[in-house]
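Shown next, in C-alpha cells, is the structure this report addresses.
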Amino acid sequence: MKACAAIFLVAVPLLFGCAKEERPLLPQTAVNITISLTDPSYTLLQNPSTAVKVSYYLARPVGYLGNGVIISNTGVGYNAFDATCTNQDHKSITIVDQIFGVCPVCNTRYNLLNGYAEGKGNLHLQSYRTMPSGNYLTVFN
C-alpha cells in the first residue's frame with residue numbers, strides 16, 4: 001500500500017508538471033465578414049483552386065495586425081486563413097499562382113487550399129470557419 005502511494009506521489013507531478021501549454025499560432029483576432037461571391041472583387045472564388053485576399057471589410061482592416069484574410073475555393077468548399085505569416089516576422093502573405101501564398105520576408109510558401117507551409121516555416125496558417133449561403137460567404141471564428 002505504501003509502495004502504491006509512493007509511486008502515485010512521484011508519477012503525478014511528472015505527468016502534469018512538465019506539460020507544455022498549447023498556444024494558438026497567432027493571438028486570437030475577431031473575424032466576422034460576409035462577402036458576395038457575385039461582387040467583381042470576389043467572382044474569382046466561383047472557380048475551384050482559386051484564392052482571394054480580403055484586406056478590408058466595412059472600411060476596417062481584417063485579420064491579425066490587419067494583414068487580411070485569404071479565402072480559397074477548394075473545389076468542394078471554401079477555406080479561410082489569416083494572411084499573416086506564422087513565422088516570427090508576422091508579415092502579410094502575397095498570393096501567387098492562385099493556390100499559393102508567399103511571405104515577402106522569410107519566403108515561406110503556403111498552400112492556400114489547406115494552409116500548410118512549405119520551406120522555412122513549418123507552422124500552418126491560422127484558419128477561420130466558413131459558411132456559404134447562396135451567393136454569400138461568411139468567414140468567422
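Along the sequence shown, residues are numbered consecutively beginning with 1. The structure displayed is predicted, hence computed values, not measured ones.
Side-chain contact between C85 and C106 is present, with at least one heavy-atom pair separated by less than 4.5 Å. Counting heavy atoms from C-beta outward, Q98 and L112 have side chains that stay 4.5 Å or more apart. With a 4.5 Å cut-off on side-chain heavy atoms, I93 and Y110 count as touching. Side-chain contact check for Y64 versus P27: some heavy-atom pair is nearer than 4.5 Å. For the pair R109/D97, a side-chain contact is recorded, criterion being any heavy-atom separation below 4.5 Å from C-beta on. Using a 4.5 Å heavy-atom threshold, the side chains of Q126 and F81 count as separate. Counting only heavy atoms from C-beta outward, the side chains of T38 and Q46 approach each other to under 4.5 Å.
Residues V102 and L65 do not share a hydrophobic cluster, defined by chaining ILVMFWY side chains whose heavy atoms lie under 4.5 Å apart. Grouping the Ile, Leu, Val, Met, Phe, Trp and Tyr side chains by contacts below 4.5 angstrom, directly or via other members, places F100 apart from I70.
Side-chain atoms of K53 and S92 form a donor-acceptor pair, as typed in the model, at a separation below 3.5 Å.
Legend: residues meeting side-chain contact (heavy atoms from CB on, under 4.5 Å) with T74, ordered by chain and number and at least two apart, are S72, V76, N79, L113. Partners of Y116 according to the side-chain contact (heavy atoms from CB on, under 4.5 Å) rule, which considers only residues two or more places apart in sequence or in another chain, are N114, H124. Listed by chain and number, the residues in a side chain to side chain donor-acceptor pair (under 3.5 Å) with T50 amount to none (sequence neighbours excluded). Partners of D82 according to the side chain to side chain donor-acceptor pair (under 3.5 Å) rule, which considers only residues two or more places apart in sequence or in another chain, are T84, Y128. Residues forming a side chain to side chain donor-acceptor pair (under 3.5 Å) with D39 (at least two apart in sequence, or on another chain): S41.
Residues V69 and A80 approach most closely at CG1-CB, 4.2 Å, considering heavy atoms.
With hydrogens and angles disregarded, a donor-acceptor distance shorter than 3.5 Å links the side chain of N73 to the backbone of L45. Put simply, the side chain of E118 never gets that close to the backbone of T108: no donor and acceptor are under 3.5 Å apart.
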For residues 134-141, which side-chain donor-acceptor pairs fall under 3.5 Å, sequence neighbours excluded?
unit_1, atom_1, unit_2, atom_2, d
T138, OG1, T34, OG1, 3.0
N141, OD1, V31, N, 3.0
N141, ND2, T29, O, 2.6

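How far CG of L44 is from CD1 of I71: 11.5 Å, rounded to the nearest 0.5 Å.
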